[in-house]
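Chain letters run A, B, ... following the sequence lines, proteins first, then strands; residues in each count from 1.
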Amino acid sequence: MYDAQQVEKKWQKRWSEKGLYTTSLHDQKRPKYYNLVMFPYPSGDKLHVGHWYNYAPADSWGRYMRMKGFNVFEPIGFDSFGLPAENYAIKTGIHPTVSIAQNCAKMEEQLSLIGTMYDWSKKIVTSDPEYYQWTQWVFLQLYKKGLAYRKRAPVNWCPSCQTVLANEQVNDGKCDRCKSEVTKKELTQWFFNIRSYAERLLNFEGLDWPEKTKLMQQHWIGRSEGSTVQFEIFGRSGKKIEVYTTRVDTLFGCTYVVLAPEHPLVGEITEKLFEKDVAEYIESAKRETDINRSAEGRDKTGVETGAYAVNPVNGKRVPIWIADYVLMTYGTGAVMAVPAHDERDFAFAKKYDLPMITVVKPPRDNSVEPPSDDRSIAKGEAFTGDGVLVSSGDYTGLSSELARKKITELLHIDGLADFKVNYKLRDWLVSRQRYWGAPIPMIYCQTCGEVPLSEEQLPVLLPEDVEFRPKGGKSPLAFVDEFMAVKCPTCGGDAQRESDTMDTFVDSSWYFLRYPAARMKDGPFSTELANKWLPVDMYIGGPEHACMHLLYARFINMVMHDLGYIDFEEPFKRLVHQGLVTKDGAKMSKSKGNVVSPDAFVSQYGSDVFRMYLMFMGPFEAGGDWSDLGITGVARFVERFWNLMADREVNPGFNEASSKRNVHKTIKKVTEGIEAFTFNTAIAGLMEFVNEAMKVGVTMEDKKMVTRLIAPLAPHMAEEIWEYLGEKESIFNASYPSFDPAMLIEDSVEIAIQVNGKVRGTVVLATGCTKDEALRLAREQESIKKYLEAPGVSIKKEIYVPNKLVSFVL
RNA sequence: GCCGGGGUGGUGAAAUGGCAGACACGAGAGACUUAAAAUCUCUUACCCGUAAGGGUGUGUGGGUUCGAGUCCCACCCUCGGCACCA
């Protein structure tokens with residue numbers, strides 16, 4: 001009987017006593033392997049099966065790579081700043097420093113039960129000053145490079161969290177964290193200019209990432225190629241409106257121009273008669289939340305300004321409108337409307353009875369040119385595809401693609417147009433009006449203005465004695481006088497600190513650089529160690545970070561590269577996402593009360609069984625719905641494996657050739673399963689091995705081989721068996737077995753015989769049997785004869801796939 | 001609407017274009033036991049048939065091929081992501 005509890009305790013203790021997983025970072029002998037999981041937030045809750053589902057296979061991968069001969073570094077830490085601890089403090093009065101310390105300790109204890117090979121000596125906690133002073137350092141580096149700036153802008157505001165949010169943290173117009181409706185607010189905030197890295201962030205060369213994730217980032221960055229076009233404002237010589245369009249080929253079809261309500265020209269151009277309507281419209285647009293304003297299919301609204309713009313390509317006057325379907329944050333905040341060829345313009349034009357002119361027809365449409373400038377064109381919808389230009393002056397007859405080039409080039413001569421690439425990606429808003437984060441290391445001086453702290457003045461420590469409850473949209477720090485009052489580092493005069501703290505995504509945007517130098521006092525990371533250990537070889541975490549953490553981390557890493565601190569641009573070479581474990585089809589969450597705890601299973605069956613059961617559920621990247629129904633299967637397997645290995649005798653039915661083949665077949669299957677992150681098939685392979693070994697036996701030598709094979713998946717049991725089989729060193733210092741292809745070949749194989757595509761029988765042939773021989777034997781089969789010899793049939797074709805099948809076509 | 005992933009037994013699932021359902025769970029039958037648990041053995045896609053055997057089957061409809069879960073076309077459902085970005 002295998003005693004999992006006793007065995008697992010024993011080995012966890014021994015591993016930690018021996019420091020088996022303390023990676024020697026300066027080792028020159030073995031190639032390095034940086035195996036990283038996204039570090040957890042230390043909530044007070046216990047680990048649930050989702051955590052295990054993520055961490056256990058990730059650890060098995062690390063163990064596998066270690067046995068493959070790599071010097072594996074598998075660090076862990078806590079992403080400990082952020083709202084939950086602060087909200088908890090508001091509710092209970094317990095200081096975040098206290099609750100986070102408790103939670104980290106609790107979490108460490110639970111993580112250790114999994115039996116991972118985390119190198120705890122390199123643990124980092126982002127809310128420790130020894131970490132966050134370097135987060136502040138990162139901020140200063142960006143500031144120095146002009147990549148951190150302060151700007152008054154309409155931002156996302158969560159009224160319940162009382163803080164601003166980055167675009168990435170707003171989902172469906174709701175706060176990612178508390179789900180309340182996000183509103184707009186004009187505030188002066190700190191931004192990181194991630195936009196200037198848009199082009200580089202689109203390049204994924206050399207990255208082994210899921211296609212899906214790369215696509216999501218691409219879409220988020222949203223690159224589009226188009227042109228800017230200048231429309232002169234009629235009667236205001238020299239005043240121009242710049243619009244952005246990807247369809248400059250439809251310029252002749254422009255029947256009006258639309259400005260975003262926030263557009264700076266609005267006040268200037270609006271005619272007296274229209275001022276009241278315009279002012280009212282802008283007011284109502286301001287009140288709209290982003291979600292309402294940006295919902296597609298929403299009824300389009302707008303007002304006329306009374307002003308007119310001149311189409312530079314044909315001198316035609318078109319009215320200027322204001323509508324909130326045009327966004328100030330994209331392009332130039334102004335568009336040329338071509339209702340005949342754009343769905344949004346079409347809907348708007350129809351509502352306000354604006355003219356439509358068809359200027360592009362589908363390439364294969366040979367019909368007569370439609371009448372131009374005809375309000376009554378009875379059209380059901382806009383034609384938005386590329387085609388051939390009509391009613392477009394000199395450009396008539398050109399393809400859309402060519403026309404885009406020609407029109408832009410010609411207008412460019414007079415400075416009226418230019419090619420322009422735009423991105424949907426907006427700058428990263430990093431300030432938060434909350435307490436529990438890294439203070440932004442900036443000072444505002446009455447004489448010098450905005451002054452960055454020098455590196456020697458870091459860390460800016462978070463004051464301890466603070467009223468956490470947010471007040472009036474200001475950070476709690478703003479009310480701590482001792483914190484706020486400071487002397488200006490430049491002139492020595494009275495100054496004030498920045499009271500906002502940083503988005504926690506800033507903390508996690510560089511932590512992978514810190515790990516190898518976790519205890520370092522004189523810098524955020526060591527250039528030497530970073531260049532040696534990074535990029536991260538394997539990064540494992542949830543797909544929900546695709547457009548947040550994973551994008552921010554790439555950006556910050558690129559900035560550090562550009563500043564000359566590190567040699568590599570990309571932080572994560574290979575990325576794998578674990579699938580989601582649901583309960584009754586729903587995501588596990590405390591509020592739904594459907595969180596499954598692993599505790600009962602781990603204490604009944606042990607970590608090894610539970611780890612393997614999670615892996616046996618299906619492919620790692622697929623996830624699945626939780627059910628405990630099958631765990632007994634894995635428990636039985638572990639018992640059988642243990643008994644097989646503990647039995648020192650070779651089985652009575654021992655057959656050397658079959659036994660060897662069994663072992664090598666297993667090595668192949670298990671290795672392929674682990675490599676593909678389909679641990680379920682690896683475990684199935686081991687189960688098959690045991691079933692077969694019960695029949696054909698297994699030698700002492702092969703027992704050791706198979707024990708090494710299972711070690712990454714069931715680390716505790718493997719160590720125990722390894723020791724039992726007489727080995728003194730840890731099994732994780734042993735190498736991973738590889739298979740001999742020659743050992744896989746069987747003497748004979750059973751192949752299928754098909755007649756007209758249907759399997760009608762089988763025949764046992766010698767391996768590698770010739771075609772003639774195979775066909776002859778197949779034809780002789782009783783079950784086949786009757787088909788071949790039926791009256792009126794003859795063989796039209798014979799197919800032989802060696803070791804697979806014979807197929808007759810009659 | 002657009003972009004991805006996925007639809008295979010009662011369940012979790014497996015399958016370089018080559019005998020669909022490996023490996024498990026569950027269920028049924030049997031062995032051991034005074035009995036139960038545990039363990040072991042056998043059966044288990046569906047339909048017809050006592051059997052031998054035959055037929056049907058991987059979301060739907062077509063196609064390519066000697067042969068399709070796998071490739072191609074059209075569609076349905078589902079889960080994620082994006083969504084007035086001009």
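Dashed line: the shortest gap from a side-chain N or O of A/Arg760 to OP1 or OP2 of B/C19 is not under 4.0 Å. At B/U39, one or more side-chain N or O atoms of A/Arg636 fall inside 4.0 Å of OP1 or OP2 (strictly under the cut-off). One finds a side-chain N or O of A/Tyr787 lying less than 4.0 angstrom from the OP1 or OP2 phosphate oxygen of B/G54. Side-chain nitrogen and oxygen atoms of A/Lys758 include none within less than 4.0 Å of the OP1 or OP2 phosphate oxygen of B/A68. Between A/Asn643 and B/U39, a side-chain N or O to OP1/OP2 separation shorter than 4.0 Å is absent. When the side-chain nitrogen and oxygen atoms of A/Asn680 are compared with OP1 and OP2 of B/A24, none of them lie within a distance under 4.0 Å. Side-chain nitrogen and oxygen atoms of A/Lys797 include at least one within less than 4.0 Å of the OP1 or OP2 phosphate oxygen of B/C66. Between A/Tyr325 and B/A86 there is no side-chain N or O to OP1 or OP2 distance below 4.0 Å.
Side-chain proximity of A/Leu805 to the nucleotides B/A14, B/C82, B/G18 is greatest for B/G18. For A/Lys804, the side-chain atoms get nearest to B/U16 when compared with the rest of B/U16, B/C23, B/A86. Ranking B/U16, B/A86, B/A83 by closeness to the A/Val335 side chain, first place goes to B/A86. Nearest nucleotide to the A/Leu215 side chain, out of B/A86, B/A14, B/G4: B/G4. Comparing atom distances between the A/His219 side chain and each of B/C3, B/G54, B/C66 picks out B/C3 as nearest.
Residue A/Phe808 is classed as having no contact, given no heavy-atom separation below 4.0 Å to the nucleic acid. A/Ser224 comes within 4.0 angstrom of sugar-phosphate atoms only, judged by non-hydrogen atoms across all strands, and of no base. As judged by a 4.0 angstrom heavy-atom cut-off over every strand, A/Thr632 is placed among residues touching the sugar-phosphate backbone only. Here A/Val759 lies in heavy-atom contact (under 4.0 Å) with sugar-phosphate atoms only.
Place A/Gly331 and A/Gly757 on RNA chain B by their nearest nucleotides, and A/Gly757 ends up nearer the 5' end. Residue order along RNA chain B, read from the 5' end via each residue's closest nucleotide, puts A/Lys212 first among A/Leu629 and A/Lys212.
In a base pair of the Watson-Crick type (N1 to N3 plus N6-O4 or O6-N4) or a G-U wobble (N1-O2 and O6-N3), with each distance short of 3.5 Å, B/U34 is matched with no nucleotide. Across all strands shown, B/G6 forms a Watson-Crick or G-U wobble pair, both distances under 3.5 Å, with B/C77. Pairing for B/C82 goes to B/G1, judged as Watson-Crick or G-U wobble with the two contacts each under 3.5 Å. Pairing of B/A45, defined by two Watson-Crick or G-U wobble distances under 3.5 Å, is identified with B/U56.
Across all non-hydrogen atoms, the minimal contact from A/Pro312 to A/Val229 is CG-CG1, 3.5 Å.
Using a 4.0 Å cut-off between a side-chain N of Lys or Arg and a carboxylate O of Asp or Glu, A/Arg247 and A/Asp249 qualify as a salt bridge.
Taking the six-membered ring for Trp, A/Phe505 and A/Tyr552 have ring centres closer than 6.0 Å. When ring centroids are compared, A/Phe601 and A/Trp626 come within the 6.0 Å threshold.
Residues passing the salt bridge (Lys or Arg N to Asp or Glu O under 4.0 Å) test with A/Arg195: none are found, sequence neighbours excluded.
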